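Below: one structure, written as structure tokens.
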Amino acid sequence: MEKIPVGILGATGMVGQNYLRLLENHPWFEVTFLCASPHSAGKTYEAAVERRWHMPTPIPKRESQLYVYSIDQISKALEKCQFVFSAIDTDVAKEYEEQYAAAGLPVVSNAGYHRQTPDVPVLIPEINASHLSILPSQQQKRGWEKGFIVTKPNCSIQSYMIPLAALHEKFQLKKILVTTMQAVSGAGYPGVPSWDIYENVVPYIAKEEEKTENEPLKIFGSIVDNEIIPTPDVRISAHCNRVPVLDGHLACVSVEFATPPSREEILSIWNAYTPITQTLELPSAPEKTILYREELNRPQPRLDRDAGKGMAITVGRLRPCNLLDFRFVALSHNTLRGAAGGGILNAELLFTQRYLT
């Protein structure tokens, strides 16, 4: 098949770099447009990221010579690509994502600005692919002929949302108590100063607990009158901590169900879990989405974050909870599943559902 030309907004930042790295040799998509702040514009990509390429592999050779445009050059994006990945900060997203969508370019976003916009899906493909059905009304409401916005959730909720969603339909979640231990890469680059994080845990991440308590409710919500209404049936209490780990967000979760399952029922559902991403054989989807580890001391970020090429969710320590019904530990790779990889998976789903053609 002929590959779809795609652009990256914020291509020189950490998330943008991850997009570029992960899209190299992608079977469906090819990067043809890069943009960044005016400071980085007007150069080749290689020159724009000189001495600040932070990925574990070299800059893709073809993309290294692409010209970097200023983010306000939307007319150039229209000439060169069919949709864009947005890897820009929330404040910049507020200004530009709707401009790109209004110009006719679908926006697959990592930014947080539109996560609470009622007609913008906060998408985890395994959980709420049905929310994409709101896109025609999003376009009609704004007068957008071809453009739309789909965003992904905060990286810290990726680790436990899929294991919980796998149980929700049958047993109905009621209460969730979660404590996250979040890697420093989640703060971007240069991120948390080494003086603050070395030999330390920081028990506060700005706005993180609010996101953790609100975004899952929208993901579990329903479309009513062309708006996504958060579920009123689930309550979440979150503690979010920054820990001295490079990659991998770990979550300790206690959960109460309307109909409490047995441990054997939970494990059976997790082990048999086959979401839409696997049945559609999306290129970025892991062969097995939920991996359960029987060892008493797993999952661990260093040992398990790269499972399924960084796109699988590793779960362990499932046991009864003294306050709620059950508790477990879950882990995901925050810069792959939680950031660029999750965005690419969203785009792959959009493509198979004919929203990008």
Side-chain angles (χ1 to χ4, degrees), residues 112 115-116 122 124 126-128 152-183 186 201-221 229-243 245 248-267 269-270 273 289-301 304-305 313-334 337-338:
R115 288 178 189 158
Q116 294 305 318
V122 180
I124 298 179
E126 293 90 344
I127 302 175
N128 62 331
K152 58 170 296 303
N154 182 32
C155 60
S156 70
I157 73 173
Q158 307 284 321
S159 60
Y160 56 89
M161 277 294 288
I162 290 175
L164 288 175
L167 306 172
H168 183 45
E169 181 176 353
K170 185 172 184 180
F171 303 112
Q172 293 300 299
L173 303 169
K174 298 299 290 184
K175 297 178 183 178
I176 302 166
L177 174 63
V178 58
T179 299
T180 64
M181 287 159 277
Q182 298 180 214
V201 172
V202 181
Y204 173 74
I205 305 172
K207 300 181 181 180
E208 200 76 6
E209 289 168 357
E210 294 88 339
K211 297 174 186 176
T212 302
E213 292 173 351
N214 292 324
E215 291 177 17
L217 306 185
K218 185 176 180 183
I219 293 167
F220 285 136
I229 305 300
T231 179
D233 300 326
V234 181
R235 297 172 62 191
I236 302 173
S237 179
H239 304 269
C240 297
N241 307 274
R242 188 73 71 191
V243 298
V245 171
H249 284 356
L250 190 76
C252 297
V253 182
S254 287
V255 57
E256 179 182 300
F257 299 92
T259 305
S262 67
R263 185 177 188 275
E264 291 71 25
E265 286 176 311
I266 293 174
L267 290 176
I269 288 173
W270 283 348
Y273 186 62
T289 302
I290 300 175
L291 303 173
Y292 188 81
R293 304 292 309 222
E294 294 286 355
E295 300 94 326
L296 295 177
N297 63 346
R298 301 284 282 275
Q300 297 179 25
D304 298 306
R305 63 193 171 204
I313 309 300
T314 304
V315 186
R317 302 208 66 212
L318 176 66
R319 61 213 190 277
C321 177
N322 295 331
L323 295 177
L324 304 180
D325 292 324
F326 278 94
R327 49 187 162 169
F328 62 89
V329 179
L331 173 78
S332 64
H333 197 305
N334 56 294
R337 162 61 78 161

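These numbers were taken from a predicted model, which means no experiment stands behind them.
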How many angstroms lie between atom [atom1] of [X] and atom [atom2] of [Y], to the nearest 0.5 angstrom?
| X | Y | atom1 | atom2 | value |
| --- | --- | --- | --- | --- |
| M161 | I219 | CE | CD1 | 4.0 Å |
| I176 | L164 | CD1 | CG | 5.0 Å |
| L217 | T212 | CG | OG1 | 11.0 Å |
| T289 | I313 | OG1 | CD1 | 8.0 Å |
| C321 | L177 | SG | CG | 7.5 Å |

Tabulate below the donor-acceptor pairs under 3.5 Å that side-chain atoms of residues 253-266 make, not counting sequence neighbours, or state none.
unit_1: S262; atom_1: OG; unit_2: E265; atom_2: N; d: 3.0
unit_1: S262; atom_1: OG; unit_2: E265; atom_2: OE1; d: 3.4
unit_1: R263; atom_1: NE; unit_2: L318; atom_2: O; d: 3.0
unit_1: R263; atom_1: NH2; unit_2: Y292; atom_2: OH; d: 3.4
unit_1: E265; atom_1: OE1; unit_2: S262; atom_2: N; d: 2.8

Side-chain ([X]) to main-chain ([Y]) donor-acceptor, under 3.5 angstrom:
| X | Y | result |
| --- | --- | --- |
| H168 | L173 | yes |
| R242 | A183 | yes |
| E215 | I157 | no |
| R115 | K152 | yes |

Problem set entry | salt bridge (charged side-chain N to carboxylate O under 4.0 Å, His left out) against E208, all qualifying residues, sequence neighbours excluded | none
Do any side-chain atoms of residues 230-241 form donor-acceptor pairs under 3.5 angstrom with protein atoms, and if so which ones, sequence neighbours left out?
unit_1: T231; atom_1: OG1; unit_2: D233; atom_2: N; d: 3.2
unit_1: N241; atom_1: ND2; unit_2: T180; atom_2: O; d: 3.0

Considering all heavy atoms of both residues, which atom of [X] and which atom of [Y] are nearest to each other, and what is their separation?
| X | Y | result |
| --- | --- | --- |
| F328 | A330 | CE1-CB, 4.0 Å |
| C155 | N334 | CB-O, 3.8 Å |
| Q182 | S156 | OE1-CB, 3.3 Å |
| A206 | Y204 | CA-OH, 3.4 Å |

Problem set entry | With A166 via side chain to side chain contact (heavy atoms under 4.5 Å, CB included) - residues at least two apart | I269, W270, Y273, I290
Exercise. By side chain to side chain contact (heavy atoms under 4.5 Å, CB included), which residues pair with D304, not counting sequence neighbours?
Worked result: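 For D304 the side chain to side chain contact (heavy atoms under 4.5 Å, CB included) partners, ignoring immediate neighbours, are R293, R298, P299, Q300, T314, L331.
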Problem set entry | Residue pairs, two or more places apart or on separate chains, that pass salt bridge (Lys or Arg N to Asp or Glu O under 4.0 Å) and touch residues 157-179 | none
Exercise. Does some side-chain heavy atom of I124 sit less than 4.5 Å from a side-chain heavy atom of Q158?
Worked result: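 Sidechains of I124 and Q158: in contact.
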